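One structure below.
Because the structure is predicted, anything quoted here is derived from the model rather than measured. The sequence lines fix the lettering, A, B, ..., with proteins before strands; numbering per chain opens at 1.
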Amino acid sequence: MNTIEKVITRFAPSPTGNLHIGGARTALFNWLFSKNQKGIFLLRIEDTDIQRSKNEYYEQIISTLKWLEINWDEEPYIQSKNVESHINVANNLLKNGCAYKCYCTEKELEEEKKLYLERKIPYTYSKKCRNILENITNKPFVVRFKSKIEGKTILKDLVQGDVEINNNTIEDFVILRKDNKPTYNLSAAVDDYQMKISHVIRGDDHKINAFKQIQVFESMGWKIPKYAHIPLIHSKEGKKLSKRDDVSTVEDYKKIGILPEALRNYLLRLGWSYKDKEIFSEEESIEFFNLNKIGKSPSKLDFDRIKSINEFYIKSTKDEILLEKLIHYSELYKEKIPKHFHENIKVNLSFLKNKSKSLEDIYNNSKYIFSYELKDDQMQKIDKSKLTIIKNIYSLIKKEKDISKDYLKNIFDKIIETEKINFKDLGQPLRIILTGSEYGPAIYDIASSLGLNEFLNRLELFFSKIDKNIKN
RNA sequence: GGUCCCUUCGUCUAUCGGUUAGGACACGUGGUUUUCAUCCAUGAAAGAGGGGUUCGAUUCCCCUAGGGACCGCCA
């Protein structure tokens, strides 16, 4: 009887920087695949590089994954807590003759490398310590894995297809450092085995490592997991993403007000597709996700697309939830929105979010409500020949105590007719006066969101500023 | 340089050898709208090049070109 193997995937970032956008996609794919297969998704923190690993990055990665709502099962697995086990495996390998001690100094290796380079021979370690039989006790050493010298290995990659490689291109890689600490390829293999990982889904850049790790599995007689190497994400220019791009980490998107569900949807469709479908709910993405529809070629980031998807999600988020997100966003990245404005923003969200592609846009659109300021450069954009008209409007509204749309429309229409002007001629100065910006919602919406008193206040403030300017 | 991988509109992609090569974003035009935006309509836009295989190739094979990843006692 064959029992169907339980699918267990893992995301294994190293805490040496903020969560990368490519890492987020790797995590997403691992998570989706495991959920699609009714399996388990684990998080493993690969912190064996003590120099570069930092706790703040660990925290950052954890909180960003939570923000993305990519939830792992069980507790995060901390790789450094398992080094004893990794070392044991290395010693086993040593005993079995699958690994050997290498006494070459870094200087020797450098010279070796230089020599190869001069002779234009592709460099792999010369393996000269392979056959040292006696145990040299007074010299520091590393432990190297005895890689296969002959034959070929085929990696049956679930994304890349069959990848064939000559075994002699895989060098005798180090598994234990001089200080007896395990290296990545050893630790990753041992942990994948111990965590019973069934599918290793990771970036294309690890493809060569698969050949190394498979050999460790084989030497130990362990069952080899399945591998899926997904293409990397490139910058707009088609190059590898660098931190200078400003779009390389999840944080970069969070801080301009991209919603997690939008980023997830974007990342899902980047290099993967399901028919013509563009928008996927969480349930749909779990239901439809598969490995064989992942493309083989790297894809470029398209910022317009991210914003467009974000716009969709903003528009389909309920106002009370959107408000919460906006408040939270403003607290994290902007000026905090005072509590007594929350209700006002909420009731006006329908038009504030109308032209917004991000939380940042909504924030900027709403800013006139809670943080009003009429700057001189904006003042200068106001057509002063319309001053009398505006004063006129002011006194009419003050007298009638009415800023309803019907009332405003009525008096605007009359003015437009008698003065022979366009709506724009009075709309534009009014918008600047009321919001401090030449862009923004419709005048009627602005008026109703401000209320009668604030409406009049802002006009009065404007008049007093004008007076002051004239005196000066 | 070596090894491996990739190549459909500007971008993300669809196409189970037979399609007017489809969709989405972005872009152009027109319309709606009391600015901007939204919305609606509409347009332009692609199989890198060359050889095969085949009745037929974007699809399969080979070569060339271009792009990418890796080549650490980093992960």
Side-chain angles (χ1 to χ4, degrees), chain A residues 12-17 46-49 51-53 79 102 104-106 109 113 116-117 120-125 140-144 155 157 159-161 163-166 168-171 173-185 187-188 202-209 211 229 231-232 234 236 238-240 266 269-279 293 295-309 311-312 315 351 353-357 361 365 408-409 412-413 416 422-431 437-444:
Chain A
S14 57
T16 53
E46 305 210 324
D47 58 343
T48 51
D49 184 345
Q51 312 286 340
R52 295 196 303 146
S53 294
Q79 189 163 61
C102 168
C104 296
T105 62
E106 281 168 52
L109 292 174
K113 203 171 185 174
Y116 274 60
L117 218 71
K120 297 198 168 160
I121 304 167
Y123 178 70
T124 50
Y125 169 63
F141 63 88
V142 300
V143 176
R144 284 182 186 272
L155 169 66
D157 196 280
V159 169
Q160 308 280 333
V163 183
E164 190 183 283
I165 201 168
N166 278 323
N168 61 17
T169 58
I170 304 296
E171 72 168 352
F173 54 98
V174 173
I175 54 175
L176 281 186
R177 293 184 252 253
K178 198 163 51 189
D179 61 4
N180 207 43
K181 292 273 168 16
T183 62
Y184 165 75
N185 278 304
S187 298
R202 68 208 332 181
D204 216 352
D205 48 340
H206 282 292
K207 206 158 56 187
I208 295 296
N209 292 329
F211 289 95
H229 289 94
L232 302 177
H234 285 168
K236 208 176 172 179
K239 303 244 167 73
K240 194 177 176 177
Y266 174 75
R269 276 290 285 102
L270 192 65
W272 179 85
S273 61
Y274 180 79
K275 298 177 182 170
D276 272 348
K277 202 169 162 56
E278 300 288 349
I279 299 292
K293 290 296 281 179
K296 289 183 176 188
S297 54
S299 27
K300 294 174 192 163
L301 279 175
D302 183 352
F303 206 69
D304 286 329
R305 183 61 159 273
I306 297 174
K307 283 208 161 183
S308 161
I309 292 178
E311 186 180 11
F312 172 85
K315 283 183 177 162
F351 70 83
K353 73 176 179 186
N354 202 321
K355 48 196 286 190
S356 298
K357 292 191 175 212
D361 288 346
N365 276 345
L408 285 179
K409 187 170 167 31
F412 288 174
D413 283 349
I416 287 165
N422 294 320
F423 178 84
K424 205 176 172 180
D425 294 323
L426 65 92
Q428 196 68 346
L430 265 180
R431 171 173 292 105
S437 163
E438 55 194 309
Y439 303 106
I443 294 293
Y444 308 118

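- Between A:Lys277 and B:C12 there is no side-chain N or O to OP1 or OP2 distance below 4.0 Å.
- Of the side-chain N and O atoms in A:Lys300, one or more sit less than 4.0 angstrom from OP1 or OP2 of B:U11.
- When distances run from any side-chain atom of A:Lys113 to the nucleotides B:A75, B:C25, B:G72, the shortest one goes to B:G72.
- A:Ile208 places none of its side-chain heavy atoms less than 4.5 Å from the side chain of A:Phe173.
- Residue A:Pro231 is out of contact with every strand shown, counting any heavy-atom pair closer than 4.0 Å.
- At a cut-off of 3.5 angstrom, the base of B:A24 holds at least one donor-acceptor pair with the side chain of A:Arg305.
- When the nucleotides B:A75, B:C4, B:A26 are ranked by their closest atom to the side chain of A:Val163, B:C4 comes out on top.
- Here A:Ser273 reaches the OP1 or OP2 of B:A14: one of its side-chain N or O atoms lies under 4.0 Å away.
- Closest approach to the A:Lys293 side chain among B:U15, B:A75, B:C5 is made by B:U15 (side chain taken as heavy atoms from C-beta onward).
- A distance of about 13 Å separates the C1' atoms of B:A14 and B:G47, rounded to the whole Å.
- Side-chain proximity of A:Asp205 to the nucleotides B:C6, B:C73, B:A69 is greatest for B:A69.
- Counting non-hydrogen atoms under 4.0 angstrom, A:Gly203 reaches nothing in the nucleic acid.
- Counting non-hydrogen atoms of other residues, nucleotides and ligands closer than 6.0 Å to NZ of A:Lys236 gives a total of 12 or fewer.
- Minimum atom distance to the side chain of A:Asn209 is reached by B:A75, of the listed B:C5, B:A37, B:A75.
- Counting distance only, with no hydrogens placed and no angle test, the side-chain atoms of A:Lys409 and the base atoms of B:U34 include a donor-acceptor pair under 3.5 Å.
- Side-chain proximity of A:Asp302 to the nucleotides B:C5, B:G10, B:U38 is greatest for B:G10.
- Across B:C61 and B:G17, the matching P atoms stand 12 Å from one another, rounded to whole Å.
- Taking the side chain of A:Lys296 as heavy atoms from C-beta on, and the options B:G2, B:C6, B:A26, the nearest nucleotide is B:C6.
- Ion pairing between a basic and an acidic side chain is recognised when a charged N comes within 4.0 Å of a carboxylate O; A:Lys307 and A:Asp304 show no such pairing.
- Closest to the A:Glu46 side chain, of the nucleotides B:C73, B:A75, B:U35, is B:A75.
- Put simply, A:Thr124 has no side-chain N or O that comes within less than 4.0 Å of OP1 or OP2 on B:G2.
- When the P atom is used for both B:A65 and B:U29, the distance is 42 Å, rounded to whole Å.
- Separating the C1' atom of B:U15 from that of B:U20 is a span of 15 Å, rounded to the nearest Å.
- Which of B:A37, B:C6, B:C70 sits closest to the side chain of A:Asn354 comes down to B:A37.
- Rounded to a whole angstrom, the distance from the P atom of B:C4 to that of B:U64 is 14 Å.
- When distances are taken from the side chain of A:Asp304 to each of B:C4, B:U13, B:C25, the shortest belongs to B:C25.
- Between B:A75 and A:Thr183, no contact under 4.0 Å exists linking OP1 or OP2 to a side-chain N or O.
- Across all strands, A:His229 comes closer than 4.0 Å to no nucleic acid atom at all (heavy-atom distances).
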